[in-house]
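Below is one structure, written out as structure tokens; comments come after it.
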Amino acid sequence: AAADHRAAVQVQAGLGCLPAVLGDLFPEAASGERACWCRQLSEFSRHLYRWSGRMSLVAAGDRSALVNKHLVPSLLIRSALEGVPHRQIVDLGSGAGLPGIPLKIVLPNNDFVLVESRRRRASFLREVVRRLALQRIAVENLRLEQWRDPPRGGVDLVTARAVADPAVLFERVRPILAPKGHLLAFLPTDRSPSDMDPPPAEVRTVGWRDIEVRLGLWKQSSGIANKK
């Protein structure tokens, strides 16, 4: 109980840096809009912390560092979207809602679908969407291969975080991507992007202070020429 209390205090302390994070990453947003995002991100973090005590949404050692280990990396994705269509976004294997929920909060006018095959995690995602009163977002409790009615015309962007081989995932998501759609995935640290088949069309590195994430961007056309 004492350890749990200490972790809760650390989470609350971490949330105190959110105004600085949002101000640095999104200076173009109005201060009132950033304040709204801050409240929603704080509420999401508290739900994530509580539910993680009952089910393994995040690693036990990460519960006290939700902001630095999970929120900031998720928010950094928005900084990596320049030149990438993203009106419709599918967060695949959404799990704890990372990066989908933080990204939805700072992209309130975009359409999101969180795809999660595990029932309890999908229940968590639906509860968060309801509690935060998020609009233009759906939760699909299924595997990608079971999705019978993806958005007509394909989706602009698929995001994925905990993926062992993003290139393999890319081949799975290609059928639901729009003609100019992309997969944006966190790159594993133990593999070079050039060793992947197909390799990402682009690697984008984004960061805030000492937090840095490396993202691979696969285009719908990636690798097609090599397969002919």
Side-chain angles (χ1 to χ4, degrees), residues 1-22 25 34-78 89-108 112-144 146 159-164 169 185-186 188-190 208-213:
D4 205 49
H5 175 71
R6 284 195 301 272
V9 170
Q10 287 175 302
V11 169
Q12 194 59 42
L15 292 175
C17 79
L18 275 179
V21 173
L22 295 173
L25 293 183
R34 289 200 303 267
C36 176
W37 295 347
C38 192
R39 288 192 298 271
Q40 290 180 307
L41 288 166
S42 296
E43 186 172 354
F44 168 59
S45 298
R46 286 189 280 268
H47 284 303
L48 182 54
Y49 179 83
R50 284 197 294 271
W51 279 65
S52 291
R54 307 198 296 269
M55 51 192 285
S56 56
L57 288 170
V58 298
D62 288 358
R63 287 182 73 208
S64 61
L66 291 178
V67 173
N68 283 356
K69 289 208 169 183
H70 296 290
L71 288 196
V72 173
S74 297
L75 293 170
L76 283 169
I77 287 185
R78 191 181 131 167
I89 298 176
V90 170
D91 187 30
L92 189 59
S94 195
L98 301 163
I101 295 290
L103 200 54
K104 172 61 197 175
I105 288 170
V106 298
L107 290 171
F112 278 72
V113 180
L114 310 182
V115 176
E116 172 52 51
S117 63
R118 289 162 289 191
R119 182 181 55 81
R120 292 183 69 198
R121 296 187 180 210
S123 296
F124 164 75
L125 294 172
R126 290 191 176 110
E127 177 72 2
V128 167
V129 167
R130 184 181 70 82
R131 290 291 187 96
L132 272 60
L134 298 176
Q135 304 295 314
R136 300 174 66 167
I137 183 169
V139 177
E140 294 283 356
N141 179 202
L142 43 71
R143 295 179 62 82
L144 179 63
Q146 299 169 322
T159 58
R161 190 171 183 196
V163 182
L169 176 66
F186 285 72
T189 56
D190 59 346
W208 179 78
R209 297 189 181 174
D210 60 345
I211 301 170
E212 185 177 274
V213 297

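This is a predicted model, so every value here is computed, not measured.
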Separation of [Y] [atom2] from [X] [atom1] (nearest 0.5 Å):
X      : Y      : atom1 : atom2 : answer
Ser74  : Ile101 : OG    : CD1   : 10.0 Å
His70  : Leu48  : NE2   : CG    : 7.0 Å
Leu25  : Ile77  : CG    : CD1   : 12.0 Å
Gln40  : Arg131 : CD    : CZ    : 14.5 Å
Leu15  : Leu66  : CG    : CG    : 8.0 Å
Phe112 : Leu103 : CZ    : CG    : 4.0 Å

Practice task
Give a yes or no on whether the backbone of Gln135 and the side-chain of Lys104 come within a donor-acceptor separation of less than 3.5 Å.
Solution key: yes
With a 4.5 Å cut-off on side-chain heavy atoms, are [Y] and [X] touching?
X      : Y      : result
Asn141 : Arg126 : yes
His47  : Leu132 : yes
Val58  : Leu98  : yes

Practice task
For side-chain contact (heavy atoms from CB on, under 4.5 Å), just list the numbers for Leu71 and Val21, CA-CA rounded to whole Å, side-chain angles, deciding distance to a tenth of an Å, and then say yes or no.
Solution key: CA-CA 10 Å; Leu71 288 196; Val21 173; over 6 Å; no
Problem - Salt-bridge criterion met for Glu43 and Arg46 (N-O under 4.0 Å) - result: no
Handout entry: Exercise: identify the closest heavy-atom pair between Gly97 and Asp91
Key = C-OD2, 4.4 Å
Fill in the blank from the handout: For Phe124, the ring-ring contact (aromatic ring centres under 6.0 Å, His included) test, sequence neighbours excluded, returns Trp51
Problem - Leu41/Leu75 under side-chain contact (heavy atoms from CB on, under 4.5 Å): CA gap, chis, key distance, verdict - result: CA-CA 10 Å; Leu41 288 166; Leu75 293 170; 4.1 Å; yes
For residues 114-122, which side-chain N or O atoms pair as donor and acceptor with protein atoms under 3.5 Å away, sequence neighbours left out?
residue, atom, partner, partner atom, Å
Glu116, OE1, Gly95, N, 2.7
Glu116, OE2, Arg118, N, 2.9
Glu116, OE2, Arg118, NE, 2.9
Arg121, NH2, Ser56, O, 2.6

Exercise for the section: Tell me, please, which residues at least two apart from Glu212 pass side-chain contact (heavy atoms from CB on, under 4.5 Å). Expected result: Thr205
Practice task
Count the heavy atoms of every other residue, nucleotide or ligand shown that sit under 6.0 Å from CZ of Arg136, and state whether that count exceeds 12.
Solution key: yes
